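None of these values were measured; they are calculated from a predicted model.
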Amino acid sequence: MSLSPYVSPEGVARASRLLELSERLASSGRRGEALDAAREASEIHRGLVRVNPDLYLADLAGGLSVLAVRLHEARRIREGVAISRETVRIRRRLTQRNYDAHAPGLADSLGRLAVELSAAGELRDALATAQESVELYRSLSRDEPSTYDADLARALTTLACRLGESGRPSDTFIAAQQAISVRRRLTQSDPGTQIHRLAADLSSLAPRLRTVGYVDEALDQAREAVSLYRNLDKDEPGSCTGELAGALEVLAACRAGVGRRDEALEAAEEATALYRGLARRTPALYSPEVARSLETLARRLSDLGRRHEALAAAQEAVSIARALAHSAPDTHLPDLADALKAYAACLRDADRLDRALTAAREVVSIRRTLVQGSPTTYTSDLAESLYILAVGLYTARQLPESFTAAREAIDIYRRLVRANPASYTADLARALNILTLNLNRAGRTHEALAAVQEAVTIYRSLVQIDPAAYKPALAASLHNVATCLVDTGHRSAALAAIRETAAIRRELAERDPATHTPALAPCLHRLAKRLAEAGHRREALETAREAVDLYRGLARKQPEAFNRGLADTLGTYASVLQWSGREADAARIRQEVSDVTRQTAADGSLSPL
């Protein structure tokens with residue numbers, strides 16, 4: 001019997017050449033061709049294994065590892081998980097035969113599988129797999145630290161990311177610190193190789209730390225990553241421009257997270273400019289990055305109230321992503337959904353609700369399509385897009401459709417919570433809040449109260465885990481509780497809820513005035529009205545005066561955003577002053593109401609009262 005020419009020693013050489021070709025094609029952005037080359041190499045290896053498994057099984061594992069990377073780059077998530085699982089199975093067999101020779105390969109394959117499982121939404125398995133990879137590398141590093149410490153640092157970085165996804169803030173921080181500590185030690189002995197890897201680890205870990213509440217630490221790491229990449233790019237121009245751009249995007253998000261919005265915009269603008277330059281030279285590789293950076297830029301512009309510029313950036317992102325999705329839908333349809341999501345947010349900010357709803361509906365439609373092909377990967381994205389659509393429909397007073405979208409989002413989140421509570425419980429609470437608003441506006445006040453009380457219960461438990469991340473959401477839910485309690489006739493309980501809301505918002509505003517004062521001012525206004533209704537004259541007067549002072553400061557900086565709130569709060573303050581017998585002061589405040597109303601009507605930001 002004659003063998004295929006691939007099932008021979010020449011086949012080994014051909015598979016090796018194909019894997020090298022795959023790497024070159026991938027680095028130039030030709031991902032489809034890179035994937036084809038890796039597939040062909042794996043088929044050659046499979047044929048060799050059928051002839052002589054003892055000799056060629058390790059080669060098959062190596063080829064499959066490359067194939068898994070190519071599948072990940074092409075967004076073939078389910079197939080990537082299957083190939084990564086197969087690689088792990090093969091390397092377990094090899095390790096059982098010869099631990100010393102194959103344990104490092106098994107540890108590496110476990111780390112790759114953890115990344116693939118995370119991308120597929122299988123977060124619990126991803127975490128367990130990342131933990132196994134770390135433990136294996138720890139064992140190897142104890143015997144040969146100089147050989148395996150770099151791999152241990154990489155595995156710890158992967159573990160920290162998986163812990164962050166699983167909602168374990170302190171464990172995330174510990175693993176991240178361990179990863180950086182190992183990498184710094186390596187950098188001291190081998191700066192030429194390790195500085196680049198240190199920058200990569202810092203840039204990967206900063207977003208995870210920010211997400212789990214370590215915002216200052218995240219900012220420090222993002223700054224250091226950018227600084228390291230700048231120095232590397234300066235020493236060898238063009239060597240890591242793409243990595244620098246990515247680190248600048250991370251820095252933009254971290255700066256925005258601590259209220260440094262102007263600095264966040266500077267970083268986002270630089271990232272976009274760098275990606276544009278790279279895309280001019282290698283469009284296939286960097287056009288998706290340009291689209292993503294434009295989404296980041298749009299968010300940062302929106303944060304500063306520069307809505308037209310934000311909208312233009314988001315529109316450009318959609319245009320690029322749509323072209324990419326047309327040419328390679330399997331790879332870039334998720335990118336189009338992300339770009340449309342950012343575009344919808346900018347349209348809402350610009351009060352173009354009809355167009356925002358059109359974009360939000362398209363996001364839902366795309367993600368339904370993606371879920372059909374890969375449910376575990378995209379189901380949480382579908383739930384998120386349904387929630388966003390529900391909010392937009394509620395704002396547009398399209399209540400039946402908003403209610404339907406909110407219900408579907410909640411149903412999905414309940415399923416996700418059963419499988420992975422740490423990752424999706426907060427999303428469930430958020431969806432319950434929009435359901436509350438729909439039910440309340442529809443007059444179903446008791447159902448609304450039940451829904452928002454469930455949300456509050458969830459947020460109270462989350463605050464115990466991460467106060468900084470979840471106290472703003474708890475305050476918002478308590479406000480909704482107070483509204484529902486008033487509507488159901490429980491006024492004393494409503495007053496207690498709004499008092500607690502005000503206490504939380506005061507605490508938040510003391511720590512970060514720029515971010516939280518805009519929420520504290522209306523909260524105090526509502527509390528003043530509830531206190532007045534309950535007959536607490538002195539406290540109502542003090543609270544109304546404080547709310548007015550806050551609104552005056554906000555309106556001086558952004559009159560178009562806060563003059564309406566200032567006018568309403570001044571009206572409440574005047575009423576409480578009159579109730580307290582201070583007629584002259586009440587008349588003076590009413591004159592201020594007239595002045596604010598006249599000014600804003602002239603500016604076009606408020607219709608005359």
- request: Tell me, with the steps shown, if Glu224 and Arg184 meet salt bridge (Lys or Arg N to Asp or Glu O under 4.0 Å).
  value: CA-CA 12 Å; Glu224 185 179 358; Arg184 289 193 194 284; 2.7 Å; yes
Heavy-atom donor-acceptor pair, Thr569 side chain to Val548 backbone, under 3.5 Å: no
- line: With Cys523 as partner, the option from Arg506, His479, Arg505 fulfilling side chain to side chain contact (heavy atoms under 4.5 Å, CB included) is Arg505
query: Shortest non-hydrogen contact from Leu244 to Val226?
result: CD1-O, 3.8 Å
message: Between Arg261 and Ala256 (side chain of the first, backbone of the second, donor and acceptor by atom type, cut-off under 3.5 Å), is there such a pair?
response: no
message: If you apply the rule side-chain contact (heavy atoms from CB on, under 4.5 Å), what do you find for Leu248 with Arg230, and how did you get there?
response: CA-CA 10 Å; Leu248 283 162; Arg230 282 197 199 285; 3.7 Å; yes
Steps toward side chain to side chain donor-acceptor pair (under 3.5 Å) verdict (Arg441, Tyr394): CA-CA 9 Å; Arg441 186 172 281 179; Tyr394 175 82; 3.2 Å; yes
- request: Considering non-hydrogen atoms only, spot the tightest contact between Tyr343 and Ala359 and give its length.
  value: CD2-CB, 4.2 Å
task: Any chance you could measure Leu439, atom CG, to Phe403, atom CZ, to the nearest 0.5 Å?
output: 5.0 Å
message: Do the side chains of Asp381 and Arg368 get close enough for a salt bridge, i.e. N-O under 4.0 angstrom?
response: no
message: When you compare the side chains of Ser118 and Glu165, does any donor N or O come within less than 3.5 Å of an acceptor on the partner?
response: yes
field: Stepwise side-chain contact (heavy atoms from CB on, under 4.5 Å) check, Ile388 with Arg348
entry: CA-CA 11 Å; Ile388 292 170; Arg348 283 195 301 274; 3.6 Å; yes
statement: Heavy-atom closest pair (Ile77 atom, Tyr378 atom, distance to 0.1 Å) is CG1-OH, 4.4 Å
- prompt: Within 45° of the axis and under 6.0 Å from the centre of the six-membered ring of Tyr573, does NZ or CZ of Arg545 qualify?
  reply: no
Charged N-O contact under 4.0 Å between Arg210 and Glu217: no
query: Can you pull the ring pair (Phe, Tyr, Trp, His ring centres under 6.0 Å) pairs that have at least one residue in residues 153-182, sequence neighbours excluded?
result: Phe173-Tyr214
task: Kindly say whether Gln398 contributes a backbone atom to a donor-acceptor pair with the side chain of Ser402 at under 3.5 angstrom?
output: no
- prompt: Per the side chain to side chain contact (heavy atoms under 4.5 Å, CB included) rule, which among Glu408, Arg361, Glu384 passes with Leu389?
  reply: Arg361
- prompt: Is the backbone of Ala298 close enough, under 3.5 Å, to the side chain of Ser302 for a donor and an acceptor to pair up by distance?
  reply: no
- request: Look only at the side chain of Asn420 and the backbone of Leu416, and say whether a donor-acceptor pair between them is shorter than 3.5 Å.
  value: no
- prompt: Does some side-chain heavy atom of Thr157 sit less than 4.5 Å from a side-chain heavy atom of Leu205?
  reply: yes
- prompt: How far apart are the closest heavy atoms of Ala497 and Ala482, and which atoms are they?
  reply: CB-CB, 3.9 Å
- prompt: About how many Å separate OG1 of Thr187 and CG of Leu198, when rounded to the nearest 0.5 Å?
  reply: 4.5 Å
message: Before you tell me yes or no, could you show the steps for Asp338 and Lys341 under salt bridge (Lys or Arg N to Asp or Glu O under 4.0 Å), namely the whole-Å CA-CA distance, both residues' side-chain angles and the distance that decides it to 0.1 Å?
response: CA-CA 5 Å; Asp338 291 341; Lys341 173 186 164 186; 6.0 Å; no
task: Identify the residue among Arg530, His536, Lys529 that makes a side chain to side chain donor-acceptor pair (under 3.5 Å) with Glu533.
output: Arg530
message: Checking the side chain of Arg124 only, and the main-chain atoms of Ala419 only, is there a donor and an acceptor separated by less than 3.5 Å?
response: yes
Pairwise distance CG(Leu485) to OG1(Thr445) - rounded to 0.5 angstrom: 10.5 Å
message: Measuring from atom CD1 of Ile410 to atom CG of Asn433, what distance do you get when rounded to the nearest 0.5 angstrom?
response: 9.5 Å
query: Can you list the steps and then say if Val456 with Leu478 is a side-chain contact (heavy atoms from CB on, under 4.5 Å)?
result: CA-CA 7 Å; Val456 166; Leu478 284 165; 4.2 Å; yes
message: Please give me the minimum heavy-atom distance between Ala206 and Ala218, naming the atom from each residue.
response: O-CB, 3.2 Å
task: Show your reasoning for whether side-chain contact (heavy atoms from CB on, under 4.5 Å) applies to Asp549 and Arg552.
output: CA-CA 5 Å; Asp549 288 343; Arg552 283 172 175 154; 3.4 Å; yes
task: For the pair Thr129 (side chain) and Leu110 (backbone), establish whether a donor and an acceptor sit closer than 3.5 Å, ignoring hydrogens and angles.
output: no
query: Is there a donor-acceptor contact under 3.5 Å from the side chain of Thr436 to the main chain of Leu432?
result: yes
- prompt: Can you tell me how far NE2 of His490 sits from CG of Leu449, rounded to the nearest 0.5 angstrom?
  reply: 7.5 Å
With sequence neighbours excluded, residues passing side-chain hydrogen bond (donor to acceptor under 3.5 Å, both in side chains) with Thr572: His525
task: Not counting sequence neighbours, which residues clear ring pair (Phe, Tyr, Trp, His ring centres under 6.0 Å) with His516? List them please.
output: none
query: Atom OG in Ser293, atom CD in Glu269: separation rounded to 0.5 Å?
result: 11.5 Å
query: Please walk me through it: do Tyr137 and Arg154 pass side chain to side chain donor-acceptor pair (under 3.5 Å)?
result: CA-CA 10 Å; Tyr137 273 129; Arg154 187 181 72 247; 3.3 Å; yes
query: Just by modelled atom types, is the Gln453 backbone N or O under 3.5 Å from a matching donor or acceptor in the Thr457 side chain?
result: yes
message: Looking at every non-hydrogen atom in both residues, tell me the closest pair between Ala114 and Arg162 and how far apart they are.
response: O-CD, 3.8 Å
message: Between Ser461 and Ile458 (side chain of the first, backbone of the second, donor and acceptor by atom type, cut-off under 3.5 Å), is there such a pair?
response: yes
statement: Which of Arg292, Arg300, Arg299 passes salt bridge (Lys or Arg N to Asp or Glu O under 4.0 Å) with Glu249? It is Arg292
task: May I ask you to decide whether Asp201 forms a salt bridge with Arg183, counting only side-chain N to carboxylate O separations under 4.0 Å?
output: yes
